[in-house]
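Here the structure is laid out as structure tokens; the discussion comes afterwards.
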Amino acid sequence: MMRMQELLIGGTETAATTVEWAMAEMMTHPDVMKRAQEELHAVVGRDRLMQESDVPNLPFLQAVVKETFRFHAPTPLAVPRASSQAAEAWGYTIPAGSQLLLNLRAIHRDPAFYTNPDEFDPQRFLDRPEVNHLSGFSFYELIPFGTGRRMCPGVNLGNTMVHLMLGNLVHNFDWSFPKDQSVETCQRENLEEIFGLTACRKEALRLCAKPSDHIQSMLRNTCSQSTQTRV
Ligand code: HEM
């Protein structure tokens with residue numbers, strides 16, 4: 001049985017934390033930000049907002065999201081579980097009733113699966129587009145939503161929310177640091193996290209957003225249309 005509170009907490013902070021980490025990494029990797037913006041302008045264009053149906057046509061954005069899930073899994077120890085029966089794994093006996101923590105952080109940064117695992121590099125998933133972090137069964141090297149029968153029930157909603165939020169932030173705004181921030185300070189802060197419900201940045205990410213030209217003209221058109229309707 002699931003409580004409404006669990007759905008609300010599990011469903012909001014995880015996605016918001018992921019988007020904040022993605023923006024923080026893109027601001028310290030301007031080449032990644034530029035490439036994602038170029039892809040969005042080419043695929044979505046400049047006269048509408050990005051929609052869910054655009055996601056399959058945005059391979060670089062998908063790679064950025066996968067790399068953010070890998071590098072900053074919002075729940076690095078998943079959700080504590082207990083084994084209902086005794087089991088054997090790698091020669092260890094796990095008695096019934098043991099509390100189990102799945103260390104996603106260690107799996108996602110395992111050098112046996114990833115080259116330079118401590119570097120943020122979306123290219124690794126462009127090179128392996130088949131890696132599906134939603135499957136829960138086939139690609140154990142990337143399991144931000146957990147795995148098995150108790151994997152996150154909000155996996156598709158969570159994944160879609162992250163793509164839509166991040167895609168629209170990147171597509172519709174140009175981003176810069178406030179005067180007291182720089183790539184270096186942001187890089188330093190990216191190393192510090194606090195672990196509550198999710199592992200989020202210790203310092204909230206502060207950025208300046210300038211609406212892109214296409215958003216400004218879309219807003220002007222909407223305002224003039226609504227004025228005409230009222231008249
Ligand atoms: C970026 C988005 C999200 C991530 C990364 C995420 C991650 C996870 C993980 C790792 C687990 C534990 C799975 C396991 O033990 O194997 C989990 C469980 C859970 N998630 Fe999510 N989640 C996200 C979004 C959501 C959304 C949108 C909802 C609901 C609307 C949700 C509701 C839940 C609930 C209720 C559980 C507990 C399930 C149980 O105890 O069986 N999550 N999530």
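Both counts, for ligands and for their atoms, begin at 1 and track the order of listing.
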Taking distance alone, with no angle check, do R81 and ligand 1 share an N/O pair under 3.5 Å?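 Indeed, backbone or side chain, R81 has an N or O that close.
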Among residues at least two apart in sequence or on other chains, which ones pass side chain to side chain contact (heavy atoms under 4.5 Å, CB included) with D121?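 If we apply the side chain to side chain contact (heavy atoms under 4.5 Å, CB included) test to D121, skipping adjacent residues, the hits are E67, Q123, R124.
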Centre-to-centre under 6.0 Å for F173 and W175, is that the case here? yes
Give the atom numbers and elements of ligand 1 that come within less than 4.0 Å of a heavy atom of [X].
{"X": "T75", "value": "7 (C), 9 (C), 10 (C)"}
{"X": "F69", "value": "1 (C)"}
{"X": "T147", "value": "16 (O)"}
{"X": "G154", "value": "26 (C), 27 (C), 28 (C)"}

Check each of E13, H72, R150, H133 against atom 13 (C) of ligand 1 and report the one with the nearest heavy atom.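 Considering heavy atoms of E13, H72, R150, H133, the nearest to atom 13 (C) of ligand 1 sits in R150.
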Selected option - heavy-atom contact closest to atom 19 (C) of ligand 1, from P153, P144, G136: P153
Could you walk me through whether D54 and R48 pass the salt bridge (charged side-chain N to carboxylate O under 4.0 Å, His left out) check? CA-CA 11 Å; D54 293 309; R48 66 177 179 89; 2.9 Å; yes
My understanding is that a hydrophobic cluster links ILVMFWY residues whose side chain heavy atoms are under 4.5 Å apart, including indirect links. Using that, what else belongs to the cluster containing F113? Y114, F125, V131, F139, L142
Using a strict threshold of under 4.0 Å (side-chain N to carboxylate O), is an ion pair present between R188 and E184?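 No, no charged N to carboxylate O under 4.0 Å.
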Taking non-hydrogen atoms only, is L102 closer than 4.0 angstrom to ligand 1 via side chain, backbone, both or neither? neither
